[in-house]
Each structure stands twice: as C-alpha cells, then as structure tokens.
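Worksheet: one structure, shown below.
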Amino acid sequence: MLTDDGVPVEAVYEPCTAGSGAGVGAGPGARTEAVADTPAIVVAHGFTGSVDRPAVRRAARVFSQRAAVITFSFRGHGRSGGRSTVGDREVLDLAAAVAWARALGHSRVVTVGFSMGGSVVLRHGALYTDPSSKPSPGCGPGGFGASDASVRVPERERRTAEHSGAHFGAPAADTSAAGHDAYVDAVVSVSAPARWYYRGTAPMRRLHWVVTRPSGRLVGRYGLRTRIATEEWDPVPLSPVAAVPLIAPAPLLLVHGDRDPYFPLDHPRMLADAAGEGAELWLERGMGHAENAADDALLARIAAWATGARSA
C-alpha cells in the first residue's frame, strides 16, 4: 500500500475462513456479493509491533473466523517505509488500509487497534467520518454531524487532512477518493492511552526514553526493529480523549486489562466518560497490555462484537 503522504506500507489480506456463501464455481457476481456481505477487520498493532509478529498473526487467525482481515506494519515498523511518529502520521497508514478493504469490495469495515494502534484507531475514527452520515446529537459539540467535521475537529488537524483526504467538509474535488473511502463502521480500541505524554508508570518512562533520546532511538532501531522519527509533534495531534466524542454515530468498544503495566484504569474510564453513551467499556480481569495479553477467547469476543455492532 501507499499512504497519501507517499509512505509504502506492507500489508496482508486474509479472507474470512468461515466461508463467504459463494462456493467454487460461483460466478463473478456471486463472489462480488459475497465479499460485500463479509465484514473486514483492519488490525492496528502496538508500538514496535509489525505484521509478522506472533501476537498480530494470532489475532488475525482468530478474527478471520468471522471476517476478512487486513494486517499491516505501521511506518517505521517491519518492512514498511518511513519512520514512526508514535501515533501522529500513523493515522494515514490506517486510512490506506481501510480504503484498501473498501476497494476490495467490503461494505462493512471495522478497525481494531492495540496500544499505540488503539490511539490511532480512535483518532482515525474521529477524522474519517462517513460522508453520508446524518447529524447526530452524540456526534460532538453542538450536535454537529459528519458534514460539519470542519467545525468538530480542531484546526491543528488540518495538516493531516491536507495529506489524507479526511472528510473536513471540503468540496469533493479538493479531497482524495481514498479519504472518502477510509471511514469505518465501528471502532475497537484495546489498551489505549487517554492522553499524550503519560509517564506515570515505569514502562512508559522507558518508552519515552526510547522515543526522545538519541541513544534510545538506537535501541529502538537495532534492538526493537523500529525506526523512530527525530522530530517532535508540531502541532500536537488530537488526543484520544478529545477524539472519542467525535466517533459517533459509529459504535465504539474500549477494552482494557486491570493488570496493564503501561496505562492504569483511569485511562479507559476517562475515554468511556468522554465518549458517553456512544461507547462500551470492557475491563478484563487479569489482562495485561495490548495484543500480547489478549487471549484467543477475548479476541473471539472482540470479533463477535466487531461483526455485530451497528450504528445508532
């Protein structure tokens, strides 16, 4: 895949293993209808992950029992180009993957993100809204709908929109086709932070050292196989807690472990409070952090929710 700012991103597509309803020998029309009727789940991994990490492959295997699955490596990870911006420009990588799912014919697309990927799916869900959505009281300040995204989304996100075709109420001629195809029907965020720059736990202090220090970035590149950009965020992107109220009317599921060593439980609770009635919160007993801590049973429950949730 190629993102709207020109970064090549490695990605893998896996069809649903449950069967599409169009068997061998079915005509092209039947196969096209079968793909359209099959939901697609786009998986956004955590920081230092990649498409070939065992936890990502395990999630894809479980999800594929209910949906087609797209996995990809964020910029600076795996065999993708560019450098990691730790959640900022990664929204363009996710948008490319979602647009690819729609280009393949899937009419229903759901994002599932873990940790850094969890923050990316939240921001993506706020920026890339369905152009056909009707205004909803739960859609943000003043009840603005998708057509009023230029009002709902802060000015600092216009830099992303210029490269992405995100729906900011601009005329169709001024935005890319991919931007209009990159909206999702539901969002699942697992082990995500509520706010940026959090250093309240030892693992997060170590992560900030990796990201902000030259010696840390060397460890990231050669020890963690992650190439990290040296520039600071400018402007600071929309925070997860500011993004969640803007996702409605698309359903939102927040999943967090009560033994997460990175982000304590005030993070998911803050996100759920900000989202209001538009979100469902699962606090998982005994679960640690992100995709590595999500067992098959939890992944199966997430897949069931993702393929069954419908907009209000």
Side-chain angles (χ1 to χ4, degrees), residues 1-14 40-61 63-64 68-104 106 109-125 127-128 159-166 176 178-179 181-182 184 188-192 207 210-212 216-233 237 290-292:
M1 303 186 304
L2 191 68
T3 68
D4 280 339
D5 63 341
V7 176
V9 171
E10 67 168 336
V12 176
Y13 175 81
E14 299 176 50
I41 294 176
V42 179
V43 179
H45 63 74
F47 183 62
T48 75
S50 68
V51 73
D52 58 359
R53 291 294 175 92
V56 175
R57 301 273 30 97
R58 180 168 55 85
R61 173 179 55 78
F63 292 161
S64 68
V69 180
I70 289 178
T71 50
F72 65 96
S73 297
F74 279 121
R75 60 185 63 201
H77 295 73
R79 289 181 291 275
S80 292
R83 294 177 181 270
S84 174
T85 61
V86 200
D88 182 9
R89 298 240 168 189
E90 282 75 8
V91 72
L92 303 179
D93 308 345
L94 181 59
V98 172
W100 185 33
R102 295 208 182 274
L104 291 171
H106 296 282
V109 182
V110 179
T111 51
V112 178
F114 298 89
S115 191
M116 180 187 78
S119 70
V120 173
V121 300
L122 295 176
R123 184 160 152 258
H124 173 271
L127 296 178
Y128 293 79
R159 175 175 58 86
T160 299
E162 290 171 359
H163 289 282
S164 68
S176 72
D181 292 335
V184 293
V188 182
S189 178
V190 184
S191 303
L207 186 146
V210 169
V211 170
T212 62
R217 289 191 290 271
L218 281 174
V219 171
R221 183 180 185 93
Y222 296 106
L224 303 174
R225 296 188 296 170
T226 303
R227 305 174 305 280
I228 304 167
T230 59
E231 300 85 2
E232 295 185 5
W233 287 345
E291 59 263 53
N292 290 322

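We're numbering straight along the sequence, starting at 1.
- Looking only at side-chain heavy atoms (C-beta outward), L94 and V121 come within less than 4.5 Å of each other.
- Residues H45 and H77 have side chains in contact (heavy-atom distance under 4.5 Å, counting atoms from C-beta outward).
- The distance from the OH atom of Y222 to the CZ atom of R217 is 13.0 Å, given to the nearest 0.5 Å.
- Considering only residues two or more places apart in sequence or on other chains, R221 meets the salt bridge (Lys or Arg N to Asp or Glu O under 4.0 Å) condition with none of them.
- Using bins of under 30°, 30° to 60° and over 60° for the plane-to-plane angle, the ring pair F72/F74 lands in the perpendicular bin.
- A distance of 13.0 Å separates CH2 in W233 from CZ in R89, rounded to the nearest 0.5 Å.
- Between S80 and V9 the shortest heavy-atom distance is OG-CA, 3.4 Å.
- Under the side chain to side chain contact (heavy atoms under 4.5 Å, CB included) criterion, N292 pairs with A55, not counting sequence neighbours.
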Exercise. Should R83 and T230 be marked as a side-chain hydrogen bond (donor to acceptor under 3.5 Å, both in side chains) after you check the CA-CA gap, both sets of side-chain angles, and the distance that decides it?
Worked result: CA-CA 9 Å; R83 294 177 181 270; T230 59; over 6 Å; no
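- Between I70 and V12 there is no side-chain heavy-atom pair separated by less than 4.5 Å.
- For the pair R75 and D88, the salt-bridge criterion is not met [side-chain N within less than 4.0 Å of a carboxylate O].
- Between T71 and R57, the closest side-chain pair of non-hydrogen atoms falls below 4.5 Å.
- Between the side chain of T3 and the backbone N or O of V7 there is at least one donor-acceptor pair closer than 3.5 Å.
- Residues M116 and G87 share a closest heavy-atom pair of SD-N, 3.8 Å.
- Counting only heavy atoms from C-beta outward, the side chains of E90 and S84 approach each other to under 4.5 Å.
- Using a 4.5 Å heavy-atom cutoff, the side chains of V42 and V110 are not in contact.
- Residue pairs meeting the side chain to side chain donor-acceptor pair (under 3.5 Å) criterion with at least one member in residues 109-122, sequence neighbours excluded, are S115-H289.
- Shown here are the side chain to side chain donor-acceptor pair (under 3.5 Å) partners of S73, two or more places apart in sequence or in another chain: E10.
- Residues V184 and H124 meet the side-chain proximity criterion, which asks for heavy atoms closer than 4.5 Å.
- Residues passing the side chain to side chain donor-acceptor pair (under 3.5 Å) test with R225, sequence neighbours excluded: none.
- Applying the side chain to side chain donor-acceptor pair (under 3.5 Å) criterion to H106, with sequence neighbours excluded, gives Y13.
- Residues I228 and V210 meet the side-chain proximity criterion, which asks for heavy atoms closer than 4.5 Å.
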